[in-house]
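Written out below as structure tokens is the structure these notes cover.
Reckoned from all heavy atoms, side chains included, excluding hydrogens, waters and symmetry mates. Order of appearance sets the numbers: ligands from 1, and atoms from 1 within every ligand.
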Amino acid sequence: MTNSKSIFLNGNVLNIIQAPIALGQTLNGVEQGPEILIQNGLIEQINDLGWTIGKNSNINIHDLKWNSPKANLPAHQHGLKIKFPLELGDACRELSEISKKSNDDREFTLTLGGDHSVAIGSIGGALLSRPNLGVIWVDAHGDFNTPETSPSGNIHGMPLSFLTGLMKHYSIPSFDWLKNFLTPNQLILVGIRSIDPEEKALMKSWGVHVFSMTEVDRLGIGKVMEQTFDILFKSGKRPLHISYDIDAVDPHFAPSTGTRVRGGLNYREAHFIAEATAETGALVGMDLVEINPNLGYVDPAHREEKNITVEIGLELITSALGKKIY
Ligand SMILES: [Mn+2]
């Protein structure tokens with residue numbers, strides 16, 4: 001039995017937060033992520049690794065409909081290009097309270113998306129408990145957009161602007177529960193290959209560390225992760241959270257997701273990121289987001305597309321929780 005109990009946890013208790021939230025983007029199906037991971041054996045696999053499930057929470061999304069009459073009101077009043085800030089602010093606040101409690105209790109926090117907007121809640125809540133949290137953001141995209149730089153207004157392309165405080169000056173009241181923000185020495189992006197032009201300028205001016213696919217090619221994933229931990233642990237070990245967007249993985253290996261970009265992490269690179277992070281003994285939380293079982297080929301002969309995406313999602317979680325080849 002393998003177990004990578006973190007030095008920042010009190011025991012082997014792991015809390016699951018199911019966050020079937022899809023309003024951060026526009027494609028139906030991503031809300032099925034938590035359910036499909038659990039149906040395919042997530043809890044049994046977590047137990048097999050020596051973890052005990054504590055709370056298994058579900059974020060109430062009954063009011064989170066695309067056609068909600070409440071949608072966008074404050075944003076439109078300010079003329080901002082951002083979709084569903086009220087609904088997502090409320091859902092992420094609820095999520096953040098559960099995440100904060102789990103971190104206060106020094107238990108592992110596993111958040112299942114849903115789209116990547118859920119990380120505002122999971123990490124925003126973790127930061128309330130652990131202000132020095134280090135975050136490894138694994139993604140095809142920069143996720144640093146603001147209402148000014150975003151081509152779409154979809155919040156799933158903006159979570160890092162919320163978490164770094166760049167969104168503060170827009171004064172969106174539904175997100176006023178965010179109190180602690182990431183600084184450039186607390187955040188590493190890995191696997192990036194698609195950044196909007198103005199978003200790129202914003203990322204450079206903020207000073208985020210980015211290991212794009214070019215660095216993965218040049219250095220190899222081993223060196224990328226070594227440098228990641230050198231930066232994050234420069235002043236000593238700190239608790240880590242990994243926010244894993246399944247679209248970081250090449251579409252060949254994880255096709256069922258909403259914003260596919262070719263040239264991504266291969267199967268072993270994707271796993272190595274999770275394994276190496278587990279090996280630090282500092283990991284306290286993880287998000288696994290953007291699995292959309294409705295996407296991929298609809299031809300019944302290609303039904304395995306959905307299956308392989310769910311399978312790699314499960315494998316990335318268990319790798320992060322200490323599963324090793326040898
Ligand atoms: Mn993302």
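With respect to the Mn ion (ligand 1), D245 has OD2 as its nearest N, O or S atom. Of all N, O or S atoms in D143, the one lying closest to the Mn ion (ligand 1) is OD2.
R193 places no side-chain N or O within donor-acceptor distance of the main-chain N or O of S212, the cut-off being under 3.5 Å.
The ND1 atom of H116 and the OD2 atom of D139 subtend an angle of 90° at the Mn ion (ligand 1), given to the nearest 10 degrees.
Between W177 and F175, the ring-plane angle classifies as tilted under the 30° and 60° cut-offs.
Taking 4.0 Å as the cut-off between side-chain N and carboxylate O, R218 and E215 count as a salt-bridged pair.
Among residues at least two apart or in separate chains, ring-ring contact (aromatic ring centres under 6.0 Å, His included) pairs with a member in residues 102-124 are W51-F108, H116-W137.
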